[in-house]
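Before any comments, here is the structure.
Please read these numbers as outputs of a predicted model, since none were measured by experiment. The basis for the numbers below is simple: all heavy atoms, side chains too, and nothing from hydrogens, waters or symmetry mates.
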Amino acid sequence: RLAAISGEPLPPFNEGDGPEAVEQFIQEVQTWMKGMGRPVNLTFARVIETVVPLEDTSDKVMGAVKKRLTKLPGGFGDAPTAEILAELQAARELAQRCEVEVAEAREEAKQQAGDAIPA
């Protein structure tokens with residue numbers, strides 16, 4: 001993404017303004033560049049999307065699962081079967097792996113943000 005021309009930052013642009021605004025913005029930048037002497041230094045920046053962490057809902061989810069299991073027909077009640085316990089353990093392991101992957105992705109995003117070329 002183009003961030004600056006000859007050290008001058010691009011004017012701010014709101015991407016939600018519609019296609020006409022995009023065309024007008026491009027025309028303004030092109031006109032600005034045509035008026036500059038050559039060579040022109042262009043500065044680019046990476047666009048990094050960040051993920052906003054959701055609140056920790058694991059306790060709420062597990063509470064809801066436990067409530068639901070006690071209400072299911074089939075005699076789960078307070079004593080779940082070995083099969084249910086195995087499924088629960090597998091779900092916990094999957095959740096832990098996902099948490100590790102999320103943490104790694106956050107660290108990678110932070111590192112990429114640090115490596116980005118300043119505008």
Among R106, E104, E99, the one residue meeting side chain to side chain contact (heavy atoms under 4.5 Å, CB included) with V102: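 Per the side chain to side chain contact (heavy atoms under 4.5 Å, CB included) rule, the option paired with V102 is R106, out of R106, E104, E99.
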Those residues that, when tested against E107, pass salt bridge (charged side-chain N to carboxylate O under 4.0 Å, His left out) (two or more places apart):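 Partners of E107 by the salt bridge (charged side-chain N to carboxylate O under 4.0 Å, His left out) criterion, ordered by chain and then number, come out as K110.
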With sequence neighbours excluded, residues passing side-chain contact (heavy atoms from CB on, under 4.5 Å) with V40: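 side-chain contact (heavy atoms from CB on, under 4.5 Å) check on V40 returns I5, S6, M36, R38, L42.
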Which residues share a side-chain hydrogen bond (donor to acceptor under 3.5 Å, both in side chains) with Q89, sequence neighbours left out: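 Expected list: E93.
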E83 atom CD, neighbour heavy-atom count above 12 within 6.0 Å: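 Count not over threshold, so no.
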Point-to-point distance, once rounded to the nearest 0.5 Å, from OG1 of T43 to CD of E8: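 The OG1 atom of T43 sits 10.5 Å away from the CD atom of E8.
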Show the atom names and distances, to 0.1 Å, of all donor-acceptor pairs under 3.5 Å that link a side chain in residues 20-27 to residues at least two apart or in another chain.
| residue | atom | partner | partner atom | Å |
| --- | --- | --- | --- | --- |
| Q24 | NE2 | E28 | OE2 | 3.4 |

